[in-house]
Amino acid sequence: MTLRVVTRTRTGTIAGIIVLLILLAGAALPALASRGLIQDLFTIMTLLTLAQLWNLLAGYGGLVSVGQQACVGIGAYAMFAGVILWGWDPVLAIPLGGLAALALAVPTAFFAFRLQGAYFAIGTATVRTLFDVRQAAARDILAYWLALALAALTIAAIYWLLRNRLGLALAAVRDNSEAAKSVGVDARRIKWAVFLIAAFVAVLTGALIYKQTARISPDAAFSVTDWTAYVIFIVVIGGIGRIEGPILGVIVFYALQSTLADYGAWYLLTLDLIAIAVMLFAPRGLWGLLSDRTGLHLFPVQRRLEGIDLMGGK
């Protein structure tokens with residue numbers, strides 16, 4: 001009998017199949033959904049991406065950031081610079097934001113760690129022909145597809161990272177940086193990698209958001225409320241340190257926003273009270289509460305020993 005470390009579970013395999021079916025259905029959804037629903041889903045996908053990135057930093061890496069709005073704003077302005085100054089296509093200008101993010105993130109990470117120790121026009125024309133919609137609706141559909149792909153790739157990449165040795169090293173650094181160093185983990189390298197990756201993808205998300213809105217202002221692009229406070233709320237109520245947490249959190253947040261947004265200051269007060277209640281009665285978030293009671297893990301990353309015999313049987 002020999003032992004091996006595994007993370008895969010039957011529930012996780014079934015969940016993976018369901019997620020794949022949901023993605024396929026989501027890609028085909030514009031054929032049936034209204035323009036308003038497509039715009040709502042675009043917002044949900046971009047918020048989910050930002051929430052997963054913040055969860056990666058704070059929940060898995062122990063790097064609590066309250067400056068994600070800077071990445072969103074930089075990505076937005078870099079994209080507009082590419083379009084206005086050099087005449088680039090908006091979609092092709094989005095990666096420019098990623099380069100701008102790296103330029104900002106490197107010095108930012110240095111000081112932070114020291115303190116701790118196909119063209120858019122062609123695409124929209126294709127969408128217009130495929131769904132027989134107007135130009136504005138075609139832009140919405142294309143932006144939604146890009147947001148869906150970005151959210152799916154972000155979750156898949158984080159899941160892959162957490163299941164391999166780098167994810168194990170990241171958890172070790174989060175729990176005890178000095179102990180991790182004592183067993184050969186390069187804590188500084190891990191922090192750099194996670195910080196730069198998160199900044200890069202956050203900037204791409206910001207560029208995509210403001211490509212869709214087609215207008216920008218400093219107050220909106222660098223909004224602490226929209227791009228940091230709301231994102232932290234999503235992760236906290238959903239469940240920090242779990243991939244499923246931001247997914248559940250963004251659904252709850254958007255439902256609350258749709259229901260209470262017309263109530264002005266009372267809306268923000270309600271969000272604060274809900275966040276406090278969750279932290280008091282469900283410190284691991286709503287998904288953590290559900291998972292503790294049911295044992296359900298849609299994206300299992302916990303490692304366990306599994307025995308196999310010499311003939312390959314379990």
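This is a predicted model, so every value here is computed, not measured.
Taking Tyr230 as the reference, Phe253 meet the ring-ring contact (aromatic ring centres under 6.0 Å, His included) condition, with sequence neighbours excluded. With sequence neighbours excluded, the residues forming a side chain to side chain contact (heavy atoms under 4.5 Å, CB included) with Leu289 are Ala282, Arg293, listed by chain and number.
At a threshold of 4.5 Å between side-chain heavy atoms, the hydrophobic network of Ile, Leu, Val, Met, Phe, Trp and Tyr places Leu162 and Leu153 in two separate groups. Placement of Leu41 and Leu20 in two distinct hydrophobic clusters is found when ILVMFWY residues are connected by side-chain heavy-atom separations under 4.5 Å, directly or transitively. Criterion: ILVMFWY side-chain heavy atoms under 4.5 Å apart, direct or through other members. Under it, Leu298 and Ile22 are not part of a common hydrophobic cluster. Linking ILVMFWY residues whenever their side-chain heavy atoms come closer than 4.5 Å, directly or via other members, leaves Ile18 and Leu24 in distinct clusters. A chain of hydrophobic side-chain contacts below 4.5 Å, direct or via other Ile, Leu, Val, Met, Phe, Trp or Tyr residues, connects Leu37 to Ile251.
For the pair Pro246 and Leu48, the minimum side-chain heavy-atom distance is below 4.5 Å. No side-chain heavy atom of Val72 sits under 4.5 Å from any side-chain heavy atom of Thr205. In this structure, the side chains of Ile232 and Trp54 come closer than 4.5 Å at one or more pairs of heavy atoms. Using a 4.5 Å heavy-atom threshold, the side chains of Ile243 and Tyr60 count as touching. Contact annotation: the side chain of Tyr263 never approaches that of Leu269 to less than 4.5 Å [non-hydrogen atoms, C-beta and beyond]. Met45 is not listed as a side-chain neighbour of Leu150, based on a closest heavy-atom distance of 4.5 Å or more. Residues Ile274 and Phe233 meet the side-chain proximity criterion, which asks for heavy atoms closer than 4.5 Å.
Here the CG atom belonging to Leu23 is positioned 5.5 Å from the CG atom belonging to Leu148, to the nearest 0.5 angstrom. In this structure, OG1 in Thr46 is found 12.0 Å from CG in Leu146, a value given to the nearest 0.5 Å. Between the CZ atom in Phe200 and the CG atom in Leu204 there is a gap of 4.5 Å [rounded to 0.5 Å]. Summarising the geometry, atom OG1 belonging to Thr270 is positioned 5.5 Å from atom CG belonging to Leu260; distances are rounded to the nearest 0.5 Å. Taking CD1 of Ile197 as the start and CG of Leu56 as the end, the distance is 7.5 Å to the nearest 0.5 Å. Atom CD of Glu244 and atom CG of Leu290 lie 9.5 Å apart (nearest 0.5 Å).
Within the structure, ring-ring contact (aromatic ring centres under 6.0 Å, His included) contacts touching residues 272-301 (residues at least two apart or in different chains) are Tyr159-Phe299. Applying the salt bridge (Lys or Arg N to Asp or Glu O under 4.0 Å) test to residues at least two apart or on different chains, none of the pairs has a partner in residues 222-237. Pairs passing the side chain to side chain donor-acceptor pair (under 3.5 Å) check and including a residue from residues 35-44, sequence neighbours excluded, read Arg35-Asp140, Gln39-Asp140, Asp40-Tyr254.
In terms of modelled atom types and a separation under 3.5 Å, the side chain of Gln52 and the main chain of Ile155 share no donor-acceptor contact. Under a 3.5 Å cut-off, the side chain of Tyr267 and the backbone N or O of Thr259 do not form any donor-acceptor pair.
Closest of all the heavy-atom pairs between Ala169 and Val185 is CB-CG1, 3.8 Å. The heavy-atom pair separating Ala198 from Leu53 by the smallest distance is O-CD1, 3.7 Å. Contact between Gly239 and Asn55 at its shortest, heavy atoms only, is O-OD1, 4.3 Å. Across all their heavy atoms, Ile38 and Ala33 have their closest contact at CD1-CB, 4.1 Å. Across every non-hydrogen atom of Ala27 and Trp145, the tightest pair is O-NE1, 2.9 Å. Heavy-atom minimum distance, Ala275 versus Ile237: CA-CG2, 4.2 Å.
When hydrophobic side chains of Ile, Leu, Val, Met, Phe, Trp and Tyr are connected at separations under 4.5 Å, Ile17 ends up clustered with Leu21.
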Intermediate values then yes/no, side-chain contact (heavy atoms from CB on, under 4.5 Å), Leu208 and Phe42: CA-CA 10 Å; Leu208 177 58; Phe42 171 83; 3.9 Å; yes

